[in-house]
Amino acid sequence: LFVAYAVIGSMAVVPIYSGSLDSLDRLKSSHKKKDRPQFAEFSDSEDEDDDETESVSAEDAYMFPVYGSAALFSMYLVFKYLNKDWVNLLLSGYFAILGVAALSQVSTKVVKGVTGIKLPLYHLNLVYRSKSVFDLRFTNLHLAMLGVSAVATAFYLFSKNWVVSNLFGLAFSFSAINLIRLDSFKSGMIMLAGLFVYDIFWVFGTEVMVSVAKNFDAPIKVVFPKDLFPSDGKLQFTMLGLGDIVVPGIFVALCLRFDRHRYLAKLGYSKDKPLPPALHGRHRGFPFPTPYFNACMAAYVAGLATTITVMHTFKAAQPALLYLSPACILSVVITALARGELSDVFGYSEEKPKEDKGANEDD
């Protein structure tokens, strides 16, 4: 059983750690670039790794518990009054499409990261009135991983295999942590505090959360058998919802980006100037101190361990955010107080001015 808990913990930490690293955008600088064709030729080009992201403001963070509650209660009513099998069939089709996309994207990044492979790029570009309205870039590796992901998805739909379900869960978590960007610590703390109340209410105050979790047959959690070889042949699982990975994970990723921001500020970095000499020409992948990331990551692990301990002791489901939200928030506040940087923490913002967005579009 303790092996199961350790594996569940590892499956929570891995996407948070790797997703946080992947959320570090490539630095821009004013260094002179060699003339190059309109479309990059190889998969390691400067703009090949630019991903679309979704920013979460304080206003968005206030609404997280509201939208979450509406979605959760709607699912509860759907499962209560409609045929559960048909509902899960529709949900399986929806998650199958998401699963193919997420798993192919993550597996491609893993292969490229491990092998360092450099492949020719294919471009599908749609232009309207001299402006690009659609640009899809891919390599043979993307096509191969898309095929593998499609096969894995088909296998999951027919077998509901828990190992493949975990692969989807990890891919969803990694992609979400990379995609969703908190614009400030204020937004992050509002989100964590709101979902802290949300989790407590729906788990302890009603049967809704537990009922939906039992009926919802989709890869929205990571699981591991309590006993791999049970005497009766029936596997029983310990599990962790993806929300308990993604929600704290995007806050941990913010901490890592803040650590890099602090380091670059000390070096005098500006996107309008050449890279500081200390970076040795590296636009990403350079080392820097990570006090806030380390503190928040350690707090997450401690909060998760507390959740598992309480759950094991009382033999009852626990709202993980009850422990994870305060742990993550307090880790940042205490670290900031200890370093005398509280004003810097609450003054940090990743929100881009509207003028910059417009300028980028014109470019």
Aromatic plane relationship, Y5 with F2 - under 30° parallel, 30 to 60° tilted, over 60° perpendicular:
perpendicular

Polar side-chain atom of S23 near backbone of S20 as donor-acceptor pair, under 3.5 Å
yes

Value rounded to 0.5 Å, distance of CE in M191 from CD1 in I250
3.5 Å

Atom OH of Y198: over 12 foreign heavy atoms under 6.0 Å
yes

I'd like to know if the side chain of S149 reaches the main chain of S104, judged simply by a donor and an acceptor atom lying under 3.5 Å from each other, with no hydrogens or angles considered.
yes

Verify whether one side chain among S57 and D60 offers a donor that lies under 3.5 Å from an acceptor in the other.
yes

Any donor-acceptor pair under 3.5 Å linking the side-chain atoms of S187 with those of S184?
yes

Donor-acceptor contacts under 3.5 Å from residues 302-310 side chains, at least two apart:
| unit_1 | atom_1 | unit_2 | atom_2 | d |
| --- | --- | --- | --- | --- |
| T306 | OG1 | A302 | O | 2.8 |
| T307 | OG1 | G303 | O | 2.9 |
| T309 | OG1 | A305 | O | 2.7 |

Any donor and acceptor pair, going by atom type alone, linking the side chain of S325 with main-chain N or O of L321 inside 3.5 Å?
yes

D344 meets the side-chain hydrogen bond (donor to acceptor under 3.5 Å, both in side chains) criterion, sequence neighbours left out, with R262

For the pair F185 and F251, name the ring-plane relationship: parallel under 30°, tilted 30 to 60°, perpendicular over 60°.
perpendicular

Contacts of type side-chain hydrogen bond (donor to acceptor under 3.5 Å, both in side chains), residue R282, not counting sequence neighbours
none

Apply the test ring pair (Phe, Tyr, Trp, His ring centres under 6.0 Å) to residues H261 and Y348: give CA-CA distance (whole Å), side-chain angles for both, the deciding distance (0.1 Å), then the verdict.
CA-CA 9 Å; H261 167 79; Y348 176 66; 4.9 Å; yes

Could you verify whether a donor N or O on one side chain and an acceptor N or O on the other, from S55 and E350, lie under 3.5 Å apart?
no

pair D199-D244: side-chain heavy atoms closer than 4.5 Å:
yes

Distance from L195 atom CG to F64 atom CZ, nearest 0.5 Å?
7.0 Å

So how far is it from K186 NZ to S349 OG, rounded to the nearest 0.5 Å?
10.5 Å

Evaluate N294 against D259 for side-chain contact (heavy atoms from CB on, under 4.5 Å), listing each step before the verdict.
CA-CA 10 Å; N294 293 341; D259 282 329; over 6 Å; no

Does F204, at its CZ atom, have more than 12 non-hydrogen atoms belonging to other residues, nucleotides or ligands within less than 6.0 Å?
yes

CH2 of W202 to OH of Y76: how many Å apart, nearest 0.5 Å?
9.5 Å

Donor-acceptor pair, side chain of N178 and main chain of F174, under 3.5 angstrom
no

If you measure from CD1 on I8 to CZ on F237, what distance do you get to the nearest 0.5 Å?
10.0 Å

How long is the straight-line distance from CE of M11 back to CG of L170, given to the nearest 0.5 Å?
6.5 Å

K160 and S92 side chains, donor-acceptor separation under 3.5 Å:
yes

Contact between F168 and L98 at the side-chain level, heavy atoms closer than 4.5 Å - yes or no?
no

With side chains defined as the heavy atoms from C-beta onward, is the minimum distance between F216 and M75 less than 4.5 Å?
yes

Going by heavy atoms in the side chains, are V197 and P65 under 4.5 Å from each other?
no

Do E54 and R181 meet the salt-bridge criterion of a basic N to acidic O distance under 4.0 Å?
no

Residue pair R260 / L27, side-chain heavy-atom distance below 4.5 Å:
yes

Hey, are the side chains of R339 and P291 touching, using non-hydrogen atoms and a 4.5 Å cut-off?
yes

Hey, does C328 have a side-chain heavy atom less than 4.5 Å from the side chain of L192?
yes

Carefully, step by step, assess W162 and Y156 under the rule side-chain contact (heavy atoms from CB on, under 4.5 Å).
CA-CA 8 Å; W162 63 271; Y156 169 75; over 6 Å; no

Taking the side chain as every heavy atom from C-beta outward, state whether Y128 and L126 have any atom pair closer than 4.5 Å.
no

